[in-house]
Each structure stands twice: as structure tokens, then as C-alpha cells.
Undergrad: 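Quick one: structure below, then a few questions.
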Amino acid sequence: MSFNHRSIEKKWQNFWDNDQTFKTTEDENKGYFYALDMFPYPSGQGLHVGHPEGYTATDIISRMKRAQGYNVLHPMGWDAFGLPAEQYALDTGNDPAEFTEKNIQTFKRQIKSLGFSYDWDREINTTDPDYYKWTQWIFTKLVEHDLAYEAEVPVNWCPALGTVLANEEVIDGKSERGGHPVYRKPMKQWMLKITAYADRLLDDLEEVEWPEHIKDMQRNWIGKSEGAQIKFDVKDTNLSFDVFTTRADTLFGATYAVLAPESELVDSIVTPEQKEAVEAYRTEANKKSDLERTDLNKNKTGVFTGAYAINPVTNEDMPIWIADYVLASYGTGSIMAVPAHDERDFEFAQKYELLIRPVIEGGDVDKEAYTGDGVHINSDFINGLDQKDATDKIVSYLEEKEIGQTKTTYRLRDWLFARQRYWGEPIPVIHWEDGTTSTIPEEELPVVLPKTTEIKPSGTGESPLAVIEEWVNVVDEKTGMKGKRDTNTMPQWAGSSWYFLRFIDPHNATQLADPKKLEQWLPVDLYIGGAEHAVLHLLYARFWHKFLYDLKLVPTKEPFQKLFNQGMILGENNEKMSKSKGNVVNPDVVVEKFGADTLRVYEMFMGPLDAAIAWSEDGLEGSRKFLDRVWRLFIDEEDKVRDRITTYNDQSLEVVYHQTVKKVTEDFENLQFNTGISQLMVFINAAYKAEGLPLEYVKGFIQMLAPVAPHLSEELWAKVTQASDSIAYEQWPTFDETKLVTDEVEVVFQVNGKLRAKATASKTISKEALEELALSHEKMQEHLEGKTIRKVIVVPGKLVNIVAN
RNA sequence: GCCGGCGUGGUGGAAUUGGUAGACACGCUGGACUCAAAAUCCAGUGCCCAUUAGGGCGUGCCGGUUCGACUCCGGCCGCCGGUACCA
């Protein structure tokens, strides 16, 4: 008979709720372990089978750590602000808050049906004013410390929709909804100065246990680049501009200069003859989105300004061009072009027939740019030097003349923190009529998002909040001065940048979280989520954490000690699951048919946690068969514990049991759940062949199965031990190192590296005796006949290899 | 293009201080049980040759180091992820 997952799972989920089994303990005599999932955005689609993969992994670790005597913090919450809810509101006229609440209830029901050991008393919702009060508070602190500032930044403005669009809502320069034209329009926006933390965000990656490729992605994103900044004078004026270059050594080969089309200097230097062409080019460039600009990278375009710069070492005239292959936002927004040794400059110079002068030996400038190292030529005082020496010498020269110095730049840009949207945290700022700006003091937070019956575009590009007059307009009670609230809201990244702190003290009304509790729980010991957040979320959260660290509000430099990214679960056809492909698996259906335990076992057994693996209905059934097999081993047809389970131990399972405890414990610790579960299967296979089942081993096995299949294990535990308590806090089984190996081991005999015979021998057998055993073996003698033994390699307890010819 | 990862049976995957390749599972084949089927239990299952005994081949491809290579080195091919005019 198989177990009834529907009744068992319901029974134990109710038990855990009523018993408050997973309420977080904070016993100072125990260690603290913080196992965190990336909290989900509660979409209208409901839970996907990909979600439980990471959740099961952290749940297994949480349950094992509780049994190992730790206080475990294992919370769940909702990253519930975001675009889809607002779109839904725009489409239907409904309140995004209600829609979001409904989605949360669906997610929560689904997550609870999987039996995760979350402490639901600590549930967090980023859209809850009690939560976003502190999101806003952190923002005001950033303003106080000059890490938030306002700047004119271009947005995707769609006049037809009367709204600003996110990049992903713009397709080929048209709005995704309606296909209306979209323009780049500068708007005043809040920016966060994440670049001030660039070096620390880079350096402190050394301190965390993250997958190397994720660290690499962050390093690339930060994009630290060391080079030199060099000043160029504009001919016949007192104007000048700086360029950034990593190849100062090629300065003698700089034959022209390029400014970004947006550069303000262009207005001052453009000649009357070129003015029209330059203006036309700038207008054209302004129409293109960043994406379109990069799309055109095959065919570089640009226009001559008519002006010349002076090369500071050759004193030659360098024509100044504008071209959109130079980005205003990187470096100084202007470059010295060295076409002989830079591929982009080479392509541009060829197209516009600009001078290409090689200054390094090697390569052929008629064909392509040479970007390698080599001996410098045509370069006066650095001739004959290699790249490094030439760079050092020329930078010293420039420093002496005070026209250049070493300089570090970053690819990382400041964080555009404003959204012209309704469904987000209001930015807690008032713009007064006298032109000043102030943040809302702590005692007046939160600035609550006003309820409104109709969310509609403002028509000006501002958020829908701008039309809610009674909310926007404020008067200072003391001075009577009028002001307007900032109508921007925060991006979705805001709430998720610090939620892991609030889980530690979620109901604290007076501070973000109690410092003592933060000290106990931080850093997060294990953080699991999808790789799609490898860069932005993790970088933003690290930035805020470091800022709070500087304010002495959190005790650690880094928030997440160990990070792991679960892989994707693909559809049975090996493609990404999607509605349109019809390959989506609904977890509700799986839980109903096979049970939550089966789903958990299957998702952990299908392969390594970080691999992308296709769903398989057959594999799922196999996991259920394993659980049934476990059940039948211990429970008979009458639903009674089998009398094979006994306190007598005939030792036949001793070795495999101790091996199982060791391997399962270590594999779970290392997140290698697939091999850990396979070891549980090995034990069950052996147990089926054994006469009696020692109670101690049965109990130990059920405990090891419990983190993966908790409902079934609770039920088995209750039946086998007659206990009325949960298995959750039973001490995790231990193994005895001395019982791991048998006295007799199988050894392998090889001739010329080829396996020819096997034999059993004592594991402590001497080298000589083992060699003798090999040479005297019948099979070996056959293979050695007529050959001369040249060499014998003996690995004690393992093998003998005889080299002969 | 650049950075990172991967490539093992019919399938998902095990195994790397270099030492029995294919653990565990799915699938398949056979047997037991059954009137029969399902379920279950037991056995077999990398490929090729051979009736057996046995032999040969085998971890993407080519080469190297080694007594011995899935594992280390060099060169290719393919797939996946990230990123992209970053000066």
C-alpha cells in the first residue's frame, strides 16, 4: 500500500501551523544560521515549478541546521511593487493594491502547500507602508550623505500615451503598447551615487563565497579601467578638453579627436561652415536610443566640426569630429583617436579618410589596426620602448607639463533611481516654491502612496501621482510656504535592496532593525535565487548594505556570505517553459497528483542544483516510487509499523548506514542534493535485502529524509517512535568514522594499465604482499606469459599495475 | 568579438590531490506473483565481435605528458549563459 499524500501533507501542515514549529528561535546558547531565498514578485501567473527548486534547497538546509542545533532564520516575503500591477491597473481601472494582494494570497497558498519551514510571523511585503517607511528612510539618509542627487537624464517619452516608458516597453523606437513613436526627453531625476562605492564593491568580492562566474559578472559590470587623462587644447582658442585613454603610449599616433555628439564643447568650437551638418547629426543621434546606437556599430558615422585640437607631443593639428561611437557617459565623453592601434578608430579613419600613423612595430596598417604590444616607432622620446615603459615615460612627461595624469574610470554608472510611475514607493521629498528641496523627516514617514480611483497618465511625463492635487500640494504649517511633493516613485530594486535586514526584526516600529539582532544574524549564511539577479539586485543590495555599514547601522561589510544560483527547469522539450510553447508545468497539479514531498525530492534529485535540466514526468514518477518504497519498507498493509524494525542489530547494515550518514550530511551541506538523495536510495536498497532493520538506523534514515520529504517523514517518525512531537528538532544523526570501511577491500590488477583481474585483500595488506598476490594471480600470469616485467606500481588498498613487454 | 561554463550509455546524471568510467534513477529485457493486467519483488542492461570462455572499443575531435588520463597540457569543434563601440 502506498501512503496517502493528500491527507498526510494536510495533517502535518496544520500541525506545524498550530504548533508554531518553525517560529524562529533566538537562543543565545546556540549558533545562528540565516537561510534566505530571493523573495518573489507575486505575478498573476502564480507559482512556477522553477520557484520551489531554490526554496527546497534552502528549506533542506534550514531543517538540517535546526536538527544540528542552530537557531535558524528562514523567512519569506513579497517583492510586490512593479510594472505588471500598474499595467493591469491602467488596463482595468482596478486598484493595483487589491490585485497585488490577491496575487500574494495565491503565491502564499501555493508556497504553503509545499511544506516549507518558513516563519510566517516574519512575512514581509514591500508595498506595506510599515515596510516602505524604512525604504524611504534609507533614501533620506542617502540624500543627507550626498549619495542621492537630482540630474537631467533622458527618458523614453511617448507623447501619444502621455507617459514615460521603461526600456523593455520600447521596441524599435515604438511603444510596445500601441506602437506609438517614442522620443528621448531629458527629465529631472533622482540618481544614487553607487559609483562612489565602486572600488569597495569590487574589492570586497574577495570576502564572499560566491560562484566565481557571478563575481566575474559583477567585476565586468563595475568595469574598472586604469589609464590616463590627457588635456588637448583647441587650436586658435583658449578652450581645451580632456580625454581618457588606456593607451597613453600611443599618443604620437593620435591623429584626430572625437567628441560625443552631446558634448557641450561642440557649440563653442563648431565652425560656421560645419554648423548645419553638425546640428543635423546631433538631432539624428538624439532620436536614437542607446540600443539603436549600438546596433549601428558595424557602420560608424560622424561629422567634422571644422575645429582642430593640438596634439601635445607632436604639436600637429588634429581634426575634431563628433561621432556617436563615443559615449558621453563613459570616461570624459571624448577621445583621442589612434587609428593605427584601435579597431574602432581604424574603421572610422578608413571611412572618412583620416590619417593613420603607426607608432608601434608589428601589424599592417593598410589592413587592420594593431592592438598588441611592440616596439614604439615614430614616437620621439619613447621610440624603442615597449608598451609599459612607454606608458610610464609619457605619463611622467605629461604630469611634468601638467597636461595629464593617471586616471581610473569605471563602466559602472550612477543608479537612476526615479520612475515616473504610480505603483512604487513615493520619493519622500518636497520641492518648495522658493526653489529649495527637503526630505521628509523620520517622524513624518512613511509618505503613503495615495489611494486613487483612477490611475491615469499625467500627460506630462510625470507619474500619475502628479494629477492627484490634494496629495501633491503641501503647505508648511510653520512658514506657510507652498510646495509640491516629488511625484517620482522608486524602482523595484529599492525594496529588495534591504529586505533581508527587515526579516531579522520585521515588526520594529522605532528602527529599521534592532542592532543586537542584526549582530546575531548577519551576514546571511546562504542566499539562493536565480542567476538573472546576478548583477543588478546583488550589486544594489551590496551598495545599500555598505552605506548602512558606514552609518554603523549594520555590523558587516557584506550582506550575503554564501550565494548560490539555482539553474532553470526547462520544459520536457528542453526549451524554456512558456505559455506560448505549452510546456509549462503547474506545481498545483503536481502536488495534487503526486504530493509536495514527491515534487521536492524530484526537483532535488534531477541533477545538480545549478544546472538547467528538462522536466520529466517519468523522473517525477520515479521519485514518488522511491517514497512509496520507503513507506512500504517500514509500514505494512495494515498501516502498522513492520516487525522487521527491531532493537537488535546484526551489523549487516552497519557500514552502509554510517556511509549514508556521512555522505548525506556532507552532500546536503555542499548543496549536492542529487547525490545525497542517491545515497538515501542506496541505503533503502540495502535495507530491503537485510533481515532485520535496527531501530536506530530506521530513525536516523527518517531524519535524513525529513529535510527533503518532511510530511512523509513526520508521519513515519510518529508511527515508528510513537512521539507526539515534530521531528524538526530531533538531533541530527552522526556517523562513526571507524565503521565506514570494511576490512576486506577489492583491489584491481592491471597489465600495462589495462584491467585484467580483481581480487579481495585486507585493506592493511603490505605493498610487497599485494604485489605477490597480483603476480601469482592466474589471470595475470596468462597475460604476463612470455613478457618481461619492466616495472610494478603498487597503490596499497587500491591496485597493482604491472608494466611488461 | 570578449568573459565564464559545459560536452560521459537510449535518457537525467555519478566519479577529478591522475588509480576499477557509468553510482543512483528513468527507460528497456527477462523471471516471480496474477485467470489476466497494473502494482510490487528479483535479475540483467555502455557499444561491438563471440555459442561460451573471452576479446576489442569507449567520457565532443586531434595531439601530448604519464606505468596509468573523463581528470593535467596544447590545438580545434559544438552548445549554453553573461556582455557588448567602455577608448
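All values below were derived from every heavy atom in this structure, side-chain atoms included, with hydrogens, water molecules and symmetry-related copies excluded. Please read all numbers here as calculations on a predicted model, not as lab measurements. First the proteins, then the strands, lettered A, B, ... as listed; each starts at 1.
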Undergrad: For E691(A), is the CD atom crowded, meaning more than 12 foreign heavy atoms sit under 6.0 Å from it?
TA: no
Undergrad: Looking at N220(A), does any N or O in its side chain come under 4.0 Å of the phosphate oxygens OP1/OP2 on C2(B)?
TA: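 No, no such contact exists.
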Undergrad: Can you check the distance between G10(B) and G60(B), where both ends of the measurement are the P atom (answer in whole Å)?
TA: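 Taking atom P in both G10(B) and G60(B), they lie 13 Å apart.
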Undergrad: Under 6.0 Å from the six-membered ring centre of F3(A) and within 45° of its axis: does the NZ or CZ of R624(A) meet both?
TA: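 Judged by the rule (NZ or CZ under 6.0 Å from the ring centre, within 45° of its axis), R624(A) counts as positioned above F3(A).
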Undergrad: With sequence neighbours left out, which residue pairs that include part of residues 325-348 of chain A fulfil the ring-ring contact (aromatic ring centres under 6.0 Å, His included) condition?
TA: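 Checked against ring-ring contact (aromatic ring centres under 6.0 Å, His included) - neighbours excluded - the pairs reaching residues 325-348 of chain A are Y256(A)-F348(A), W321(A)-F348(A), Y325(A)-F348(A), F348(A)-Y352(A).
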Undergrad: State which of G4(B), G19(B), A23(B) makes the closest approach to the side chain of H213(A).
TA: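 My answer, after comparing the listed nucleotides, is G4(B).
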Undergrad: Any ion pair linking D216(A) and R219(A) (charged N to carboxylate O, less than 4.0 Å)?
TA: yes
Undergrad: Check whether D597(A) reaches the backbone of L712(A) with its side chain - one donor and one acceptor, N or O, closer than 3.5 Å.
TA: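 Judged by distance alone, yes, a pair lies under 3.5 Å.
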Undergrad: Can you tell me, in whole Å, how much space there is between the P of G78(B) and that of A39(B)?
TA: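 Rounded to whole Å, the distance is 44 Å.
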Undergrad: If you take atom types as modelled and just measure distance, does the side chain of N801(A) reach the base of C67(B) with a donor-acceptor pair under 3.5 Å?
TA: yes
Undergrad: Between U83(B), G4(B), G19(B), which nucleotide gets closest to the side-chain atoms of L799(A)?
TA: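 Between U83(B), G4(B), G19(B), the one nearest the side chain of L799(A) would be G19(B).
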Undergrad: Does NZ or CZ of R542(A) come closer than 6.0 Å to the centre of the six-membered ring of W210(A), within 45° of the ring's axis?
TA: yes
Undergrad: Indicate the ring-plane relationship of Y657(A) and F683(A), choosing parallel, tilted or perpendicular according to the 30° and 60° boundaries.
TA: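 Correct class here is perpendicular.
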Undergrad: Counting N and O atoms only, with roles assigned by atom type, does the side chain of D345(A) sit under 3.5 Å from a partner on the main chain of V338(A), one being a donor and the other an acceptor?
TA: yes
Undergrad: Just to be sure I follow the notation: if a pair is Watson-Crick (purine N1 to pyrimidine N3 plus N6-O4 or O6-N4) or a G-U wobble (N1-O2 and O6-N3), each under 3.5 Å, what dot-bracket string does RNA chain B give, with | for pairs to another strand?
TA: (((((((..(((......[....)))((((((.......))))))((((....))))..(((((..]....))))))))))))....
Undergrad: Mark up nucleotides 37-44 of chain B, 5' to 3', with B wherever a protein heavy atom is under 4.0 angstrom from a base atom, S wherever such an atom reaches only the sugar-phosphate, and - elsewhere.
TA: ---SSSS-
Undergrad: Charged N to carboxylate O under 4.0 angstrom, D667(A) versus K663(A)?
TA: yes
Undergrad: According to a strict under-4.0 Å criterion, is S225(A) in side-chain N/O contact with OP1 or OP2 of A87(B)?
TA: yes
Undergrad: Looking only at side-chain atoms of D216(A), point me to the closest of C67(B), G4(B), G12(B).
TA: G4(B)
